[in-house]
Amino acid sequence: YLPLALSLIAGHIRHTPGWTLTDHADRLDERHHQRRLDTGVELALDLSYESLPADQRRLLRLLALHPGPGIDAYAAAALSDADLGTARARLRLLCEDHLLQQAAPGRYTFHDLARAYATNRAADEEPPPERRAALTRLFDHYLAATATAMNTVHPAEALLRPRILTTGTPAPDLGDPRRAREWLDAERPTLVAVTAHAATRGWPAHATLLSRILQRYLAAGGHNDDAVTVHGHGCHAARQNGDPIGQAHGLIDIGFAYARLSRYGRAADALQQAVELLRRGGAGKPHSRVVDRGTQVDLERVLELFE
């Protein structure tokens, strides 16, 4: 229950009698925004960190790169390029050392203080190419697992979705429709966060592909706000990546998401932009790894709304 952090805050309050509680709250917000730790907290975390074996320290640093709210053993294995048993054992040990928290069976999360500390360590100790390689493996994992889950839950539409190659990292068994849907439900907040991170931090093709693959799940589940977010990032990434077909798909999916939210003006704007892109034939060559069999189907759906 954070006795060290609370005692440090209480000590600061005692030694700054001219400050109001609002002043202290503002100070904490500022330090949180800047990812700055109190010296006492950092020293305590230093002691825990330095006592870890090297492989545990590396995993902690890499886990801090994960953009989502929760981490499972498959994500940890992808980040660290380890086998599943090793990843599970290391996660359990980090949890026993109180550097991770178990949010649910098999799922782990950081406390904000530990994440800030591990993020700083990652920036100091992991070279940029290593960080990028770890996140690429992670995003490849989510892309492949999401495609497998969607093809299991909605097999009749598999040919309308991009074809994704399997990865070399451990993957969950998503061959059963119930398990596949449970995985999608559990990972939905993470997939939204991954799409946003990929679109804005240098993995545009991953964002565009995740947007396309998740379309049916988000629409059927009524996750319309998430759909606007995911497809918006996917569309932006496709535009930045010189992928007009991916951009058109994103605009279509955004349009229908807005329509489900009864925001018909925005829906019409997005769909009209998609029509124009598709009528021009998507000038340019898509960069994303897509076997795109749905373009004509989408074009006919959209044109029916305007003719």
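Both backbone and side-chain heavy atoms feed into the values below; hydrogens, waters and symmetry mates do not. Counting from 1, the numbers follow the sequence of the chain as shown.
Ile254 contributes atom CD1, which lies 11.5 Å from atom CG of Asp269 (distance to the nearest 0.5 angstrom). To the nearest 0.5 angstrom, Leu191 atom CG is 10.0 Å from Asp226 atom CG. Atoms CG and NE2, from Leu160 and His249 in turn, are 9.5 Å apart once rounded to the nearest 0.5 Å. Taken from CG in Asp253 to CG in Leu214, the straight-line distance is 10.0 Å, to the nearest 0.5 Å. For the atom pair CD (Gln56) and CZ (Arg90), the distance works out to 6.5 Å, reported to the nearest 0.5 Å.
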Can Glu187 and Arg107 be said to form a salt bridge (Lys or Arg N to Asp or Glu O under 4.0 Å), step by step?
CA-CA 10 Å; Glu187 297 291 354; Arg107 296 190 69 83; 2.8 Å; yes
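Relative ring orientation between Tyr217 and His223 is described as tilted, the plane-to-plane angle lying within the 30° to 60° band.
Ring pair Tyr258/Tyr264: centre-to-centre distance not below 6.0 Å. When ring centroids are compared, Phe139 and His66 stay outside the 6.0 Å threshold.
With Trp203 as the aromatic partner, Arg132 meets the cation-pi criteria of under 6.0 angstrom to the ring centre and within 45 degrees of the ring axis.
For the residue pair Thr195 and His233, no side-chain donor N or O sits within less than 3.5 Å of a side-chain acceptor on the partner. For the residue pair Thr20 / Asp23, a side-chain donor-acceptor distance below 3.5 Å is found, with atom types taken as modelled.
Residue Arg266 places its CZ atom among 12 or fewer non-hydrogen atoms of other residues, nucleotides or ligands, all under 6.0 Å distant. Residue Arg179 places its CZ atom among more than 12 non-hydrogen atoms of other residues, nucleotides or ligands, all under 6.0 Å distant.
Results of the side chain to side chain donor-acceptor pair (under 3.5 Å) test with Glu126 over Arg121, Arg58, Arg131, Arg61 single out Arg61 as the only residue that passes.
No single ILVMFWY cluster, assembled from side-chain heavy atoms under 4.5 Å apart, contains both Leu79 and Tyr74.
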